[in-house]
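Whatever order the structure lists ligands and atoms in, that order sets their numbers, starting from 1. What you are looking at is a predicted structure, and each value in this text was computed from that prediction instead of being measured.
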Amino acid sequence: MHLLKDRGHVHPVASEITARAVYEDRRRLLRALAAGAGGAALAAWAGREALAQAAGPGKLPRLAGVRSAVSGAATMEKATSYQDATTYNNFYEFGTDKSDPARHANALKPRPWTVAIEGEVKKPGPIDLDALMKTAAMEERIYRLRCVEGWSMVIPWVGFSLAELIRKVEPTGSAKFVQFVTLADDKQMPGVRSRVLDWPYVEGLRMDEAMHPLTLLSFGMYGELLPNQNGAPVRLVVPWKYGFKSGKSIVRIRFVDKQPATSWEKSIPSEYGFYSNVNPKVDHPRWSQATERRIGEDGLLAKKRDTLMFNGYEQQVGQLYAGMDLKKFY
Ligand SMILES: Nc1nc2c(c(=O)[nH]1)N[C@H]1C(S)=C(S)[C@@H](COP(=O)(O)O)O[C@H]1N2
Ligand SMILES: [Mo]
């Protein structure tokens with residue numbers, strides 16, 4: 001993340017084809033809401049069993065019967081192009097350059113795959129990926145993801161709230177945090193041979209953050225299975241936190257009683273905290289977090305966008321941090 005400079009990578013202008021229909025639909029809904037016809041519009045929206053329409057290039061299997069989540073209407077922005085979202089990535093297990101994951105992640109075998117449920121739960125044990133995917137109905141949710149380095153994307157993710165899984169495995173009263181452990185296999189992941197981080201990549205959430213409905217356990221994007229470079233076969237998307245909280249290629253979900261170690265905090269504690277909520281008012285020690293560049297839309301000379309508190313999800317998640325000093329708990 002902080003180790004490499006952006007090499008002046010020039011992003012192509014986003015193509016117009018992405019998620020056009022979905023975007024238009026949502027715009028219509030928003031206009032109806034603004035005009036006061038909210039209830040009726042929302043009912044019509046939900047009633048038509050809206051199927052997700054954002055389309056990938058058809059390289060990977062499409063996920064069937066994915067619903068467009070009404071909650072996804074919160075982000076009405078145009079999705080980043082599939083091309084950009086799959087070629088400009090952070091996934092250090094495949095290298096530290098933004099183009100490394102797209103080049104090397106084809107070595108990853110996302111099937112067969114199991115996720116181990118461990119720790120303070122009444123129903124621990126391994127869950128096979130296919131069973132895991134049937135935990136709840138898949139939804140498409142268009143979320144922004146803001147990297148701590150200053151770039152952001154808008155991606156139509158497919159998955160369901162992590163809370164659906166957590167309820168099924170029944171955490172005990174001692175479960176206060178959830179730790180996510182991701183794959184570290186040097187046979188599939190060349191970057192794991194470098195010492196850039198202490199592998200495996202680990203991340204964590206407080207229990208109420210993990211249970212928040214916005215926290216998505218994701219299996220796909222643009223209507224298709226996740227490409228390897230974006231975290232196949234299963235990753236987290238925590239849209240109000242910096243991107244590194246959204247661990248990719250998860251193999252263990254551990255319920256614990258104490259705040260767990262996380263990779264970036266272990267690596268550079270003076271720069272990365274456990275919470276890592278997107279906050280334009282709290283600078284990274286070496287750079288400002290006040291603005292961001294939307295990948296694919298903003299050329300290098302274009303004006304940056306203002307970064308929003310909690311990445312624009314303040315209304316939904318601000319309450320989780322009521323009374324906390326966000327400068328101290330960054
Ligand atoms: N296992 C693992 N997960 C990871 C990372 C990583 O290096 N390894 N990088 C994180 C960072 S810094 C970001 S910004 C997001 C990027 O997700 P994307 O490539 O799908 O946009 O993944 C996060 N998840
Ligand atoms: Mo990131």
Can you sort out which atoms of ligand 1 are near C147, meaning under 4.0 Å from one of its heavy atoms?
14 (S)
Salt-bridge present (E118, R252; N to O < 4.0 Å):
yes
Salt-bridge criterion met for E77 and R305 (N-O under 4.0 Å)
yes
Residue F91 vicinity, atoms of ligand 1 by number, heavy atom under 4.0 Å
1 (N), 2 (C), 6 (C), 7 (O), 8 (N)
Below 3.5 Å, can you tabulate the donor-acceptor pairs from side chains in residues 154-166 to any protein atom, sequence neighbours excluded?
residue : atom : partner : partner atom : Å
S161    : OG   : R141    : NH2          : 2.8
S161    : OG   : P213    : O            : 2.7

I need the contact type for E93 against ligand 1. Using non-hydrogen atoms and a strict under-4.0 Å cut-off, is it side chain, backbone, both or neither?
side chain
Checking P110 now: which residues fulfil side chain to side chain contact (heavy atoms under 4.5 Å, CB included) with it, not counting sequence neighbours?
N228, A232, P233
Using a 3.5 Å cut-off on N or O atoms only, is Y88 in polar contact with ligand 1?
no
Under 3.5 Å between any N/O of N89 and any N/O of ligand 1: does that happen in this structure?
yes
At under 4.0 Å between heavy atoms, is it the side chain or the backbone of T182 that contacts ligand 1, or both, or neither?
side chain
For the pair W287 and H284, name the ring-plane relationship: parallel under 30°, tilted 30 to 60°, perpendicular over 60°.
parallel
Determine whether any heavy atom of G231 lies closer than 4.0 Å to an atom of ligand 1.
no
Determine whether any heavy atom of R235 lies closer than 4.0 Å to an atom of ligand 1.
yes
Output field: ring centroids Y272/Y242 closer than 6.0 Å
no
Residues E93, K248: salt bridge by 4.0 Å N-O rule
no
Any idea which part of Y201 is under 4.0 Å from ligand 1, heavy-atom wise: side chain, backbone, both or neither?
side chain
